[in-house]
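Keep in mind that the numbers below use all heavy atoms, side chains included, and drop hydrogens, waters and symmetry copies. Sequence lines set the chain letters: A, B, ... in the order given, protein chains first and strands last, and positions in each chain run from 1.
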Amino acid sequence: MSALLTFEDVGMTYGHTTVLEGVNAEIAAGEVVCVIGPSGSGKSTLLRCGAGLETPSTGVVSVAGEPVGWTRRRGRLVPARNRAVARQRAQLGVVFQHFELFPHMTVLENIIEGPRGVLDVPAEDARQRARELLGRVGLTAYESRYPAQLSGGQQQRAAIARSLAMRPAVMFFDEPTSALDPEMVGEVLQVMRDLAADGMTMLVVTHEMGFAGQIADRVIFMDGGRVIEQGDATAVLTRPQTARCAEFLSRILERPVA
Amino acid sequence: MSTVEIVHERPPGVRLLAARRSARHNLAVSAVVLVIAVLALFSIARNHRFQWGVVGSYLTTGAVLKGLLTTFWLTFLVVALGLVGGIVVALLRRSRVPAISWLAWLFTWFFRSVPMLVQIIFWFNFAALYPTLSFGIPGGPTFVSAPTNSVISPLVAVIIGFALHESAFMGEIIRAGLNSVPSGQWQAARSLGMTEGRLLRRVVLPQVIRVVLPTIGNEAISVMKETSLISVIAVTDLLYSVQLIYSVNFQTIPLLIVATIWYLAFTIVLGMLQWLLERRFGRSVRIAAPASRGAAA
Ligand SMILES: Nc1ncnc2c1ncn2[C@@H]1O[C@H](COP(=O)(O)OP(=O)(O)OP(=O)(O)O)[C@@H](O)[C@H]1O
Ligand SMILES: [Mg+2]
């Protein structure tokens, strides 16, 4: 298996604060990788760099060998034009902690917005595909509701459908269940499990260790902007090799499970 | 604070009584207010010095209605131009290029600070200050050149001045609106591959309009009144039309009342327009409100 998504020596600096430093990671097609680590360790920043929402200060992220945010010109990498960046982002799906559905559009309008406006899919095809996806996430009856009329779990499932409508090569999830009431976590995780089973390549930032253990092929543990440990999911979660990872896991597992 | 706690401890019957008593109290206050309002109206209506007969006879004369029409289109034009200019200024203000955001700040500072009256006179005399408009390289060749008066009439120059002034104010309103859209919305739109223009048009501006509409309604009323300054360049708007009439017949107060009645009516029209737009842009939120209340119950 060759890597679909690669982080090569990725670093990120805002002003004088270094948020990411020397991150190297590879994610193969169809693989599910969970990113864990304490708050402020740079997980969201790594995810935004991977999804092309931010360009790292150093290093390169590539998807299928194409550097994200850059184009090759005469053998050299130069910053890509806005349009080219937008095209790359279109094939990288992102699911946010706070859903970020567009509040002024219905669920169906949210889902067809990308395919219609960005990919120029004919209206009828876009609607048909959207309804198919709504069926998959169990929201068939909700297509004409506005986001504010849905529960958190329903909003997050609609947001997943919106991302999937773009037929992304990779899906990024940033703590997709941490803004949800406990009884709604399960329905969102189930949708993600189904996606993983369908062979979607996924990078998931999560605090749900049990879920990470079930779904992840590999786990990346980050602290202070660096990758401290990465490897086989069960190995990292049950037999961490570094003291910092062991300490983090024991701290998280001590908490009563919701 | 302590009364609230006591109310909570009362048995339900007592609370019902309290509610009935407060309803009776509200009714009494309303009655008093109504009586005062009627008395005030009576005093105004029966004061013959207001010359209601004169007010009535001038309310719908041709000159006044023509003035009203001028105020009407001038207000809408300035608000529309100001809105477009304001969006541009607000976006430039957010630019990552320091020189551009600084320039936008400078624009806002300047056009908000210079009194409109000064600007009107300045723009009216623009042709005297710059007799010819030319396009070329300063100190080098000139490509096109024309007398200023043939390119823009003084009235057009003044309208441009109004629009610039209004853009500076609207820019600040829009900027606050842009800041109210959470960064996650911008990120979500970008992650769908939207270009910045599309993102603004489809995702951000519709949300901005919803939050800034009440403020813009307020601003439109200010513009309506500010357009009356245009009388200094002899444009016969509503106020100047009545001024022309009372400078001849000296019925100053009744004619100012005529103008006031029309300004009041215009404000109602603006208010209705605002209400319609708020309904249109607030649909998603309004529809959602009862459902979420139901879910909470
Ligand atoms: N745009 C920014 N400007 C300055 N500092 C930033 C910016 N974005 C993130 N940071 C800083 O970078 C650090 C890492 O942030 P990040 O959001 O990636 O952490 P995280 O691991 O996702 O944390 P959490 O688990 O709380 O979500 C934090 O200290 C944060 O304050
Ligand atoms: Mg985060």
* To do: Can you tell which part of A:His98 gets under 4.5 Å to a heavy atom of chain B, answering side chain, backbone, both or neither?
  => neither
* **Interface moiety of A:Leu92 toward chain B, non-hydrogen atoms closer than 4.5 Å** => backbone
* Asked: Looking only at side chains, do A:Glu26 and A:Thr6 share a donor and an acceptor under 3.5 Å apart?
  -> no
* Considering residues at least two apart in sequence or located in another chain, which fulfil the side-chain contact (heavy atoms from CB on, under 4.5 Å) criterion with A:Arg127? -> A:Leu108, A:Ile112, A:Ala123, A:Glu124, A:Arg131
* To do: Give a yes/no verdict on a cation-pi contact between A:Arg162 and A:Phe102, requiring under 6.0 Å between NZ or CZ and the six-membered ring centre and an angle within 45° of the axis.
  => yes
* Per-residue contacts, residues 172-188 of chain B versus chain A, heavy atoms under 4.5 Å -> B:Gly184, B:Gln185, B:Gln187, B:Ala188
* To do: Please work out which of the three classes, parallel, tilted or perpendicular, describes the rings of B:Phe76 and B:Phe72, given edges at 30° and 60°.
  => perpendicular
* To do: Please test A:Glu132 against A:Gln128 for side chain to side chain donor-acceptor pair (under 3.5 Å), starting from the C-alpha separation and ending with a verdict.
  => CA-CA 6 Å; A:Glu132 201 179 294; A:Gln128 196 185 331; 5.1 Å; no
* Would you check if there is a donor-acceptor pair between the side chains of A:Glu54 and A:Tyr14 at a distance under 3.5 Å? => yes
* To do: Determine which residues belonging to residues 198-218 of chain B lie within contact range of chain A, meaning some heavy atom pair is under 4.5 Å apart, and list them by number or answer 'none'.
  => B:Arg198, B:Arg202, B:Val203, B:Pro206, B:Gln207
* **B:Arg279 NZ/CZ over B:Trp275 ring centroid, <6.0 Å and within 45° of normal** => yes
* Asked: Do the non-hydrogen side-chain atoms of A:Thr201 and A:Ile27 ever get within less than 4.5 Å of each other?
  -> yes
* Residue by residue, which of residues 90-98 of chain B have a heavy atom closer than 4.5 Å to a heavy atom belonging to chain A? -> none
* Is there a donor-acceptor contact under 3.5 Å linking the side chains of A:Ser44 and A:Asp174? -> yes
* Structure fact -> Only one of A:Leu53, A:Leu5, A:Leu46 passes side chain to side chain contact (heavy atoms under 4.5 Å, CB included) with A:Phe172, and that residue is A:Leu5
* Asked: Taking every heavy-atom pair that is under 4.5 Å apart, which of A:Asn82, A:Val95, A:Leu101, A:Leu150 has the most such pairs with chain B?
  -> A:Leu101
* **Donor-acceptor under 3.5 Å (B:Thr108 side chain, B:Ala168 main chain)** => no
* A:Asp198 bridged to A:Arg136 by N-O distance under 4.0 Å -> yes
* Pick one: which of A:Glu208, A:His207, A:Gln97 meets side chain to side chain donor-acceptor pair (under 3.5 Å) with A:Ser178? -> A:Gln97
* ring pair (Phe, Tyr, Trp, His ring centres under 6.0 Å), paired with B:Phe107, selected from B:Phe111, B:Phe110, B:Trp105 -> B:Phe111
* Report yes or no: does A:Lys43 contribute a side-chain atom to a donor-acceptor pair with the main-chain N or O of A:Gly37 at less than 3.5 Å? => yes
* Identify which of A:Gln88, A:Arg87, A:Met166, A:Glu113 forms the greatest number of heavy-atom pairs closer than 4.5 Å to chain B. => A:Glu113
